[in-house]
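What follows is one structure encoded as structure tokens, with my remarks underneath.
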Amino acid sequence: MTTRAEQKEQRRQQILFKALELFARKGYSDTKIGDIAEAVGMSTGLMFHYFDSKEQLYEELVRMGAAYTNMPGELPYRNPAEYFEGFLNALFGYVGEQPWVFYMFVLMAQARRSEAVPLHVREIAMGVSQIEQSAKIIEEGQRQGYFREGDAHLLAFTFWSSVQGIMEQLAVTPGMSAEGEKLPRAEWLLDILLKRKQ
């Protein structure tokens with residue numbers, strides 16, 4: 001039997017995930033608190049029992065996104081190539097089960113570049129960088145002979161731009177992520193980094 005507090009938390013999570021989808025699809029300025037309330041089947045007034053404002057709701061989502069962005073840096077790996085392969089396999093596996101993942105990629109990109117987003121929230125989004133984290137692992141992989149020669153930051157930028165593009169396409173292509181065979185394969189993206197065999 002769920003308690004009142006558990007029910008409230010479940011409802012709060014439902015609001016967050018529906019808001020995430022709407023913000024990703026419509027953007028911060030075009031998403032109204034009433035749109036979110038309608039999508040979860042509650043009155044706008046009741047929404048304010050869960051979140052004080054649209055800005056607070058958006059900020060919480062960006063903070064969640066920042067925490068998830070830092071998670072790959074905590075993954076254990078035996079070698080740098082395994083790190084990226086493990087991350088991609090986990091990401092694409094998760095996307096098939098949890099569509100909010102690709103919406104989060106879209107939201108974080110929007111939060112970094114949209115001037116409509118409050119400055120303090122934009123700063124949270126800009127405070128995380130997978131490129132910096134990944135460049136260090138790529139440099140390690142270059143020293144060990146796994147990855148191609150070249151500027152590690154540019155390689156990381158290329159890799160993450162590809163991941164970002166895939167996530168954005170999944171967000172705008174309904175049903176694509178529902179079937180695993182329609183998702184890219186990790187090795188296609190790994191080829192951006194891997195040293196070519198002679």
Side-chain angles (χ1 to χ4, degrees), residues 11-42 44 47-48 50-74 84 87-88 90-135 153-178 182-184 189 192:
R11 191 68 160 149
R12 195 171 187 283
Q13 292 299 312
Q14 181 187 18
I15 293 166
L16 279 168
F17 288 119
K18 186 49 77 174
L20 172 61
E21 180 182 347
L22 291 172
F23 283 131
R25 289 187 183 278
K26 297 172 68 172
Y28 178 75
S29 58
D30 288 338
T31 302
K32 310 296 180 226
I33 202 81
D35 299 334
I36 301 165
E38 183 180 334
V40 294
M42 67 171 52
T44 302
M47 279 283 294
F48 292 110
Y50 294 91
F51 296 96
D52 293 336
S53 64
K54 177 175 87 167
E55 183 178 316
Q56 183 205 19
L57 174 54
Y58 193 82
E59 180 178 341
E60 184 158 339
L61 286 167
V62 170
R63 288 188 184 282
M64 283 172 53
Y68 288 121
T69 300
N70 286 325
M71 280 177 64
E74 300 163 10
F84 287 101
F87 166 75
L88 289 170
L91 176 65
F92 292 143
Y94 206 55
V95 160
E97 300 165 11
Q98 302 290 334
W100 65 266
V101 173
F102 48 75
Y103 291 132
M104 188 59 80
F105 272 81
V106 173
L107 179 102
M108 291 300 287
Q110 288 174 352
R112 285 191 286 269
R113 65 179 177 242
S114 173
E115 292 188 15
V117 172
L119 181 60
H120 75 280
V121 178
R122 255 194 357 242
E123 287 172 350
I124 295 166
M126 293 189 309
V128 291
S129 175
Q130 276 297 345
I131 294 172
E132 292 298 320
Q133 242 178 23
S134 297
H153 282 86
L154 280 175
L155 284 166
F157 171 82
T158 303
F159 175 83
W160 283 106
S161 295
S162 298
V163 171
Q164 181 69 36
I166 290 165
M167 293 296 113
E168 289 186 15
Q169 284 303 309
L170 290 172
V172 299
T173 311
M176 186 174 174
S177 64
K182 289 190 175 179
L183 293 174
L189 288 166
I192 293 169

Taking all non-hydrogen atoms of both residues, which atom of [X] and which atom of [Y] are closest, and how far apart?
| X | Y | result |
| --- | --- | --- |
| Phe159 | Leu189 | CD1-O, 3.9 Å |
| Arg25 | Ala171 | NH1-O, 3.5 Å |
| Ser162 | Ile192 | OG-CD1, 3.4 Å |
| Leu57 | Ala19 | CD2-CB, 3.7 Å |
| Ala156 | Ala135 | CB-N, 3.9 Å |
| Val117 | Gln110 | CG2-O, 4.3 Å |

### Task
For side chain to side chain contact (heavy atoms under 4.5 Å, CB included), just list the numbers for Phe87 and Phe92, CA-CA rounded to whole Å, side-chain angles, deciding distance to a tenth of an Å, and then say yes or no.
CA-CA 9 Å; Phe87 166 75; Phe92 292 143; over 6 Å; no
#### Entry: Listed partners of Lys18 passing side-chain hydrogen bond (donor to acceptor under 3.5 Å, both in side chains), at least two apart
Glu21
#### Entry: Carboxylate-amine/guanidinium proximity below 4.0 Å for Glu60 and Arg12
yes
### Task
Determine yes or no for a side-chain-to-main-chain donor-acceptor pair under 3.5 angstrom, with Asp35 supplying the side chain and Lys32 the backbone.
yes
### Message
Treating Arg11 as the side-chain partner and Val40 as the backbone partner, does any N or O pair qualify as donor plus acceptor under 3.5 Å?
### Response
yes
Spacing of [X] atom [atom1] and [Y] atom [atom2] [to the nearest 0.5 Å]:
| X | Y | atom1 | atom2 | value |
| --- | --- | --- | --- | --- |
| Trp160 | Gln133 | CH2 | CD | 8.0 Å |
| Asp30 | Leu22 | CG | CG | 11.5 Å |
| Met126 | Ser129 | CE | OG | 11.5 Å |
| Phe51 | Ile33 | CZ | CD1 | 8.5 Å |
| Ser134 | His153 | OG | NE2 | 10.0 Å |
| Leu107 | Phe102 | CG | CZ | 13.5 Å |

### Task
Before giving the answer on side chain to side chain contact (heavy atoms under 4.5 Å, CB included), spell out for Arg122 and Arg112 the whole-Å C-alpha distance, their side-chain angles and the decisive distance to 0.1 Å.
CA-CA 5 Å; Arg122 255 194 357 242; Arg112 285 191 286 269; 5.9 Å; no
### Worked verdict on Val163 versus Phe105 for side chain to side chain contact (heavy atoms under 4.5 Å, CB included)
CA-CA 9 Å; Val163 171; Phe105 272 81; 3.7 Å; yes
Close side-chain approach of [X] and [Y], heavy atoms under 4.5 Å:
| X | Y | result |
| --- | --- | --- |
| Ile36 | Phe23 | yes |
| Leu61 | Met108 | no |
| Gln169 | Ile166 | no |

### Task
Begin from the C-alpha positions of Met64 and Leu20 and carry the test side chain to side chain contact (heavy atoms under 4.5 Å, CB included) through to its verdict.
CA-CA 11 Å; Met64 283 172 53; Leu20 172 61; 5.9 Å; no
### Task
Give a yes/no verdict on a cation-pi contact between Lys54 and Tyr28, requiring under 6.0 Å between NZ or CZ and the six-membered ring centre and an angle within 45° of the axis.
yes
#### Entry: Residues which pass side-chain contact (heavy atoms from CB on, under 4.5 Å) with Glu59, listed by chain and number, not counting sequence neighbours
Arg63, His120, Val121, Ile124
### Task
Count the heavy atoms of every other residue, nucleotide or ligand shown that sit under 6.0 Å from CZ of Phe17, and state whether that count exceeds 12.
yes
### Task
Answer yes or no: are there more than 12 heavy-atom neighbours, outside Glu168 itself, under 6.0 Å from its atom CD?
yes
